[in-house]
Amino acid sequence: MKFAGKIATVFGASSEGGTGWAIAEVLAGHGAHVVVSARSMPGLERLAERIGGTAVRCDVAVEEDVAAKAAFIKERFGHLDIVIVSAGQPVASSVIDSPFEDLLRATAINYFGPFFAIKHMVPLLRAEGSVTVISSLASTNPIEGQVAYGAAKAATNALVQYAAIELGPKGFRVNAVVPGSIETPLLTQFLATAPEIRDTYIKEIPSRRYATALDIANAAVWMASPECFANGTLLHVDGGNYLTRQPYLSELPEGIMSKL
Ligand SMILES: NC(=O)c1ccc[n+]([C@@H]2O[C@H](COP(=O)([O-])OP(=O)(O)OC[C@H]3O[C@@H](n4cnc5c(N)ncnc54)[C@H](OP(=O)(O)O)[C@@H]3O)[C@@H](O)[C@H]2O)c1
């Protein structure tokens with residue numbers, strides 16, 4: 001029980017079978033008390049009951065929500081040891097015709113969210129505390145049709161590295177896991193709309209399978225552990241997909257990105 005007595009929090013954990021949910025389960029499995037948050041409560045409450053944690057509503061893209069969550073944790077637990085920001089969402093977009101609202105939505109959830117989380121949670125961290133953000137392969141390997149999402153995640157990669165140099169001397173580490181496709185129930189549902197694209201993607205992954213939510217959770221929890229000395233590291237966990245090409249939109253059924 002390497003996290004016995006530790007307080008952890010996971011942003012974006014309400015979706016059963018999703019990455020945030022798996023991260024919370026792994027942390028709790030190692031003995032941490034986990035404060036789970038997202039915008040919708042029913043899944044969160046089920047998860048909190050299952051792992052003996054605490055559920056708190058929090059939209060990570062709204063700074064007041066994140067500040068209120070920090071105040072709640074401070075009052076209830078006094079401190080934090082582990083912060084994991086898994087909340088994030090793809091937003092279909094192209095360089096030349098993305099409405100401002102789409103850019104703002106992608107930026108708010110995928111970049112402002114991790115920024116607010118670091119800003120408000122780090123002051124609660126005890127010695128050896130860490131922050132781990134779940135980024136995306138779209139941040140390092142451009143995926144046509146995902147510019148707003150990929151650019152926001154790339155900004156988050158930079159944020160992670162800026163935070164690492166600012167917070168390292170205080171004894172904290174800040175890192176990112178960079179997944180390729182993760183086969184969550186939502187991705188399974190998406191692939192069911194066009195089963196032929198499963199192979200289009202998988203043939204570009206050297207390990208010839210998608211990540212599971214548990215693959216990403218295990219990496220995030222390792223990065224969050226005091227046994228990990230990484231700081232400012234962007235860790236690709238994608239079966240080697242970052243080494244290969246991403247399919248172009250012309251290889252996929254028309255309009256498929258908007259179904260993500
Ligand atoms: N799935 C993939 O193939 C894939 C690939 C690369 C990277 N990623 C990244 O991995 C992370 C997890 O993705 P996932 O697909 O596994 O998602 P997931 O955990 O299945 O679901 C997303 C979670 O984020 C929460 N969320 C969404 N917007 C939020 C907001 N504004 N504030 C707080 N919580 C919010 C959702 O809950 P509510 O709706 O209740 O708020 C849900 O619990 C994301 O950062 C994603 O960008 C995913």
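Small disclaimer: the values here were computed from a predicted structure and weren't measured. In this chain, residues are counted from 1 in sequence order.
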Strictly distance-based, threshold 3.5 Å: is any side-chain N or O of [X] a donor or acceptor partner for the main-chain N or O of [Y]?
X      : Y      : value
Arg208 : Lys203 : yes
Ser86  : Ile134 : no
Ser225 : Cys228 : no
Asn110 : Gln89  : yes

Below 4.5 Å, heavy atoms only, C-beta onward: do [X] and [Y] meet side chain to side chain?
X      : Y      : answer
Arg209 : Ile205 : no
Ile143 : Tyr149 : no
Arg57  : Arg39  : yes
Cys58  : Asp65  : yes

Minimum heavy-atom separation for [X] to [Y], with atom names?
X      : Y      : answer
Gly20  : Val10  : O-CG1, 3.7 Å
Thr184 : Gly18  : CG2-CA, 4.0 Å
Ala230 : Asn175 : O-ND2, 2.9 Å

Apply side chain to side chain contact (heavy atoms under 4.5 Å, CB included) to Phe190 and Ile197, showing your working.
CA-CA 10 Å; Phe190 166 73; Ile197 69 173; 3.8 Å; yes

Only pairs at least two apart or in different chains count here, so list each salt bridge (charged side-chain N to carboxylate O under 4.0 Å, His left out) that has a residue in residues 138-163.
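Applying salt bridge (charged side-chain N to carboxylate O under 4.0 Å, His left out) to every pair that reaches into residues 138-163, excluding sequence neighbours, yields nothing.
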
Taking NZ, NE, NH1 and NH2 as the nitrogens, is one of them in Glu183 or Arg198 under 4.0 Å from a carboxylate oxygen of the other?
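Looking at Arg198 together with Glu183, the answer is yes, because their closest N to O distance falls below 4.0 Å.
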
Heavy-atom count around [X] [atom1] within 6.0 Å, excluding the residue itself: above 12?
X      : atom1 : value
Lys170 : NZ    : no
Glu49  : CD    : no
Glu196 : CD    : yes
Phe115 : CZ    : no

Spell out, yes or no, whether [X] and [Y] are grouped together once hydrophobic residues are joined by side-chain heavy atoms under 4.5 Å, including indirect joins.
X      : Y      : answer
Leu80  : Val221 : no
Val26  : Val133 : no
Leu47  : Ile23  : yes
Ile84  : Phe172 : no
Tyr210 : Ile182 : no

If you apply the rule salt bridge (charged side-chain N to carboxylate O under 4.0 Å, His left out), what do you find for Glu251 with Arg245, and how did you get there?
CA-CA 12 Å; Glu251 296 166 71; Arg245 65 183 283 278; 2.5 Å; yes

Sequence neighbours excluded - ring-ring contact (aromatic ring centres under 6.0 Å, His included) pairs with any residue from residues 222-258:
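For residues 222-258: His236-Tyr242.
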
Out of Arg126, Arg173, Lys2, which residue meets the salt bridge (Lys or Arg N to Asp or Glu O under 4.0 Å) rule with Asp81?
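Passing option: Arg126.
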
Given side chain to side chain contact (heavy atoms under 4.5 Å, CB included), test Val122 with Leu125 step by step and report yes or no.
CA-CA 5 Å; Val122 165; Leu125 285 180; 4.1 Å; yes

Between the side chains of Asp102 and Ser93, does any donor sit under 3.5 Å from an acceptor?
no

Set of residues satisfying side-chain contact (heavy atoms from CB on, under 4.5 Å) with respect to Glu101, sequence neighbours excluded:
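Scan of Glu101 (side-chain contact (heavy atoms from CB on, under 4.5 Å), adjacent residues dropped) gives Pro99.
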
Verify side chain to side chain contact (heavy atoms under 4.5 Å, CB included) between Glu25 and Val34, making sure each step is shown before the conclusion.
CA-CA 9 Å; Glu25 284 191 325; Val34 191; over 6 Å; no

